[in-house]
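Heads up, the thing below is written out as structure tokens.
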Amino acid sequence: MPELPEVETTRRGIMPYIVGEKVMRVIVRNKHLRQPVSGKLSTELVGQRIHDITRRGKYLLMYADTGSVILHLGMSGSLRIVSKKTRPGKHDHVDIIFENGRCLRFHDPRRFGLLLWTRADPLQHPLLKNIGIEPLADTFNGDVLYKKSRGRRVAIKQFIMNAHIVAGVGNIYASEALFLAGIHPLRSAEKIARLRYRRLAESIRQVLHAAISQGGTTLRNFVSGEGRPGYFRQHLKVYDRGGLPCQTCGAPVRHILQGQRSTYYCTNCQR
DNA sequence: AGAGGTACCTGGCAGC
DNA sequence: TGCTGCCAGGTACCTC
């Protein structure tokens with residue numbers, strides 16, 4: 001479900017309700033996520049205040065008094081702010097309940113998500129310390145991509161979806177950014193010139209910013225922290241548009257599989 | 001080191 | 001209606 005724009009939308013949606021608030025109780029109904037939810041999450045987090053929520057790639061970091069919660073939504077996860085009296089549904093695995101009566105509810109049917117408690121710097125956690133550059137940071141540009149791509153024979157789409165290269169670009173926005181940049185998704189990363197990487201970096205930033213401004217993309221079931229769907233779906237140029245005419249040239253959008261993931265592109269506009 | 005495949009898990013939908 | 005197979009927004013880990 002969530003790529004960078006959806007995670008960022010979630011972050012912005014939940015922050016006003018829980019930053020500065022004190023945790024009263026943690027309920028873990030199902031601890032079997034990507035890694036088991038540690039009992040320390042409940043024992044240590046209770047009584048602490050949340051000071052800030054940041055994002056690194058697709059990870060959310062909730063900073064509390066003596067440690068942090070590392071949270072990932074996986075393929076199907078979402079976070080909602082509900083009243084603590086709201087009945088939990090089938091896949092509502094974890095609740096973090098605050099003094100103000102609000103509840104941060106983690107919902108994840110496929111359970112590829114993650115909730116960890118750490119007392120150390122979360123950015124130094126093994127899952128996070130090797131994540132690549134933030135595409136929305138000032139330091140991200142085509143030259144960075146160009147340098148990292150030398151000697152990389154993988155297809156460019158898989159290259160930009162590699163979280164150790166760029167953080168947060170998932171399957172939807174990889175296809176979209178390549179379309180905007182006019183680059184064929186099967187092209188080998190090492191065979192793309194510096195100038196084209198500059199255009200690609202700009203396209204990645206552009207599509208991520210645009211998606212965030214629309215509250216992300218809802219294909220099936222993404223909802224923000226406040227329960228709203230994302231409205232970027234109607235702005236998608238190629239993703240999930242297989243067989244439909246390219247909005248630039250009219251040729252049918254092609255759908256292929258790359259590393260078991262769907263890729264969409266225009267054979268005419270992307271070279 | 002890089003690349004490719006596999007595993008984790010549930011639900012929805014198309015096709016029979 | 002019900003079964004089967006495939007697909008889905010992610011990523012870590014294994015092998016070669």
Side-chain angles (χ1 to χ4, degrees), chain A residues 1-11 29-37 55-60 70-79 89-94 106-116 125-132 135 147-178 186-191 204 207-208 211-212 214-224 229-236 238-243 255-264:
Chain A
M1 157 208 289
E3 301 186 35
L4 187 153
E6 292 74 35
V7 176
E8 182 61 22
T9 296
T10 298
R11 187 183 76 84
R29 297 187 193 83
N30 187 346
K31 63 174 185 171
H32 300 285
L33 304 182
R34 186 165 116 205
Q35 287 181 22
V37 179
R55 180 188 55 72
R56 178 78 176 97
K58 297 169 194 162
Y59 285 91
L60 286 176
I70 298 174
L71 205 149
H72 196 286
L73 299 176
M75 282 283 253
S76 58
S78 60
L79 285 172
K90 190 173 179 192
H91 300 290
D92 292 337
H93 305 310
V94 180
F106 178 78
H107 172 92
D108 186 8
R110 291 176 74 180
R111 287 189 275 117
F112 291 166
L114 188 75
L115 252 148
L116 296 174
H125 189 277
L127 290 172
L128 289 148
K129 68 177 181 197
N130 294 319
I131 290 181
K147 282 189 193 121
K148 289 196 180 185
S149 69
R150 296 307 93 178
R152 296 291 203 125
R153 302 168 70 171
V154 272
I156 184 62
K157 191 209 173 208
Q158 285 159 294
F159 181 70
I160 59 172
M161 279 181 70
N162 182 343
H164 299 293
I165 306 291
V166 197
V169 178
N171 205 38
I172 296 177
Y173 302 109
S175 278
E176 292 297 306
L178 288 168
L186 291 170
R187 183 168 290 277
S188 169
E190 67 176 0
K191 291 195 172 161
I204 290 171
V207 73
L208 295 179
I212 290 169
Q214 297 291 308
T217 298
T218 296
L219 290 179
R220 281 155 263 282
N221 49 22
F222 171 74
V223 286
S224 72
Y231 297 102
F232 194 67
R233 183 171 196 181
Q234 59 210 86
H235 300 279
L236 296 175
V238 286
Y239 188 86
D240 208 21
R241 301 194 71 249
H255 175 216
I256 59 169
L257 281 182
Q258 268 183 293
Q260 11 279 38
R261 310 297 302 277
S262 274
T263 297
Y264 298 87

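All figures in this text were calculated on a predicted structure; none of them were measured in a lab. Residue numbering restarts at 1 for every chain, and letters A, B, ... go by the order of the sequence lines.
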Roughly, in whole Å, what's the span from [atom1] in [X] to [atom2] in [N]?
| X | N | atom1 | atom2 | answer |
| --- | --- | --- | --- | --- |
| I172(A) | dG9(C) | CD1 | P | 7 Å |
| Q258(A) | dG10(C) | CD | C1' | 16 Å |
| N162(A) | dC13(C) | CG | P | 14 Å |
| N171(A) | dC7(C) | CG | C1' | 12 Å |
| K148(A) | dA1(B) | NZ | P | 15 Å |
| L114(A) | dG9(C) | CG | P | 20 Å |
| R261(A) | dC6(C) | CZ | P | 18 Å |

Indicate, with a heavy-atom threshold strictly under 4.0 Å, whether Y239(A) touches base, sugar-phosphate, or nothing.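 Sugar-phosphate, backbone atoms only, no base.
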
Hey, does Y59(A) reach any base, or is it just sugar-phosphate, or nothing, if we go heavy atoms under 4.0 Å?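 Sugar-phosphate only.
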
Spell out, as yes or no, whether a donor-acceptor pair under 3.5 Å connects the side chain of [X] to the backbone of [Y].
| X | Y | value |
| --- | --- | --- |
| H164(A) | N130(A) | yes |
| E3(A) | K58(A) | no |
| R150(A) | E190(A) | yes |
| S175(A) | Y264(A) | yes |
| E6(A) | T217(A) | yes |

Phosphate OP1/OP2 of dG11(B): any K90(A) side-chain N/O under 4.0 Å: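 For dG11(B), OP1/OP2 do have a side-chain N/O of K90(A) under 4.0 Å.
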
Please state the P separation for the pair dT11(C) and dA1(B) - nearest whole angstrom. 22 Å

DNA chain B: stems of at least 3 consecutive Watson-Crick or G-U pairs, cut-off 3.5 Å? B:2-8 with C:10-16, B:10-16 with C:2-8

Would one find more than 12 heavy atoms of other residues, nucleotides or ligands at under 6.0 Å from atom NZ of K148(A)? yes

Heavy-atom count check: over 12 atoms from other residues, nucleotides or ligands less than 6.0 Å from R153(A) CZ? no

For a side chain to side chain contact (heavy atoms under 4.5 Å, CB included) with V94(A), tell me which candidate from L71(A), L115(A), D108(A) qualifies. L115(A)

Would you please say whether a donor-acceptor pair under 3.5 Å links the side chains of H107(A) and D92(A)? yes

Summarise how protein sits on nucleotides 2-9 of chain B as a single string, 5' to 3': B when a protein heavy atom is under 4.0 Å from the base, S for sugar-phosphate-only contact, - for no contact. SSS-B-BB

